[in-house]
Amino acid sequence: MAKSSPPAGLYAAMANYVDGDRRAFDSLYATLSPRLRGFLMKIIRDEPTVEDLIQLTMLKAHLARDRFELQGGNPDGAVQAWYFAIARNVAMDHLRKQYRRDKRLKKATESDGLDPVAALVDETPSIEHLGISQEAEQTIIEQVQAAIAKLPKSQREVVELHKLRGMSMADIAARLQIREGAVRVRAHRAYKALARLLSPQALLFLYWGVGA
Amino acid sequence: MSKIDAHALISQDLNSLVKQRRRHFLPALVLVLAFLATMLTAVGLRPDLLDQPGYQLASQIVLWCLCLLVLPAIGLGLWFPRPLTKIGLVLLLPILVFIGAVGLPDDSVTVSELFGHVFTDGAMCTANMLATGTVLLLIGYFSGAFIQRRRSYAVVWLSSGISIAAITTVTWHCSATACVHTLSSHLGGGLVLLGLSSLLAFRVRHRDQGEK
């Protein structure tokens, strides 16, 4: 994974962005987008998909921005590494999905009665298919954030680590120093609570937009 | 072209965050203005307010603008000035406060005179200032204007705003111009208020972060 040295001022921009400064976000976006594009192109090698994944990386990072912590002695490098880690998780999730879809397609072509074109259909609804306008998307993001904030701390932690940081249940268990079974129980309760709190559109956004 | 525009979504989210902060700040500002106007009407403006030297009156007016609008805007995350602007403000503020409260002193005082004065003639002004500062702090706290922010230096901007408002209030009420009085009771009281309000705000912040 070849990462070029981070540009100066990235940490200052990140700190201001986390504080709510839109101008700092603009500068961060302008600096990191090309770098993320280069990084993701090495993994995915498909330009339109990479564009989607950059957007997803930025959204995931935005929702998790309060949890960005400075680690090590290179603040600018820490910001870049944090974004690259999110991008890598997003790319891995995408590849996993693609693998499953290819597997389904292979099965369909091998068996006689199935239409291979039908197997290609992506079951995950896109934002476009959901027919959500930008304003509505904003409302949904706020709804999702508010619903997550309403969860008890123990459940909220699990949702944030699982959905927003893309950590596995085993990693979460190790981090929180509890059994993996307990993590799964908390996650199950949290998602059940979120299903009650959120509208179907918002729930789909949580699964597609945040957890894709 | 990607299906979603993360840049636009995130920009909207940051704009709504600033709007939310503004919604908390404006009622607090109205309350503060009403309180200061009532307070100055009740205790009375100094008779020589407009007879002060022009530079001193001008610096007091600039201080009112800074403490009521600029410092809270920075502290609450409504305005994000560039680092150079912040450094300029930090350098300019003590000079303006000194000129506004003391003017250009023509008599020299010793440290023992200063401390001796606080416990004799200056106690009233110091008490007045601490009372004003406390009310301003309470208005900010109960109106929800002090939304917790990630960066702790925000506390110092808010505390400075409160202290400068209290100093300028006392300066507009008390007509004593003796250097020993203005230095010990006006500026000294302001420094005590700055220290106490910063300490209190840091403690509240620490407690709230511990609860999260």
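Numbered from 1 within each chain, the chains take letters A, B, ... in sequence-line order. Heavy-atom basis, side chains included; hydrogens, waters and symmetry copies ignored.
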Peer 1: State, to 0.1 Å, how close Leu14(B) and Gly20(A) come at their nearest heavy-atom pair, and which atoms those are.
Peer 2: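 Result for this residue pair: CD2-CA, 4.0 Å.
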Peer 1: Pick from Leu17(B), Val18(B), Asn15(B): which one has the most heavy-atom pairs with chain A under 4.5 Å?
Peer 2: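 Heavy-atom pair counts peak at Asn15(B).
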Peer 1: Show the nearest heavy-atom pair for residues Asn16(A) and Phe80(B), with the distance to one decimal.
Peer 2: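 Closest approach of Asn16(A) to Phe80(B): O-CE2, 4.5 Å.
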Peer 1: Where do Arg23(A) and Arg82(B) land on the side chain to side chain contact (heavy atoms under 4.5 Å, CB included) test, with the steps shown first?
Peer 2: CA-CA 10 Å; Arg23(A) 208 174 48 201; Arg82(B) 293 182 188 282; 4.0 Å; yes
Peer 1: If you compare all heavy atoms of Met58(A) against all heavy atoms of Ile10(B), which two are closest, and at what distance to 0.1 Å?
Peer 2: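 For Met58(A) and Ile10(B), the tightest heavy-atom pair comes out as O-CD1, 3.4 Å.
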Peer 1: Looking at side-chain heavy atoms only, is the closest gap between Gln145(A) and Asp13(B) below 4.5 Å?
Peer 2: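 Yes, close enough: below the 4.5 Å cut-off.
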Peer 1: Using non-hydrogen atoms and a 4.5 Å limit, figure out which bit of Glu47(A) sits close to chain B: side chain, backbone, both or neither.
Peer 2: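 Contact with chain B involves no heavy atom of Glu47(A) at all.
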Peer 1: Ignoring hydrogens, what is the shortest heavy-atom contact between Asp26(A) and Ser11(B)? Give both atom names and the distance.
Peer 2: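 Where Asp26(A) meets Ser11(B) most closely, the heavy atoms are OD1-OG, 4.2 Å.
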Peer 1: Specify the closest pair of heavy atoms between His7(B) and Gln55(A), including all atoms of both residues, with the distance to one decimal.
Peer 2: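 For His7(B) and Gln55(A), the tightest heavy-atom pair comes out as N-OE1, 4.0 Å.
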Peer 1: For Arg189(A), look at atom CZ and say whether over 12 heavy atoms of other residues, nucleotides or ligands are found less than 6.0 Å away.
Peer 2: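 Incorrect, the count does not exceed 12.
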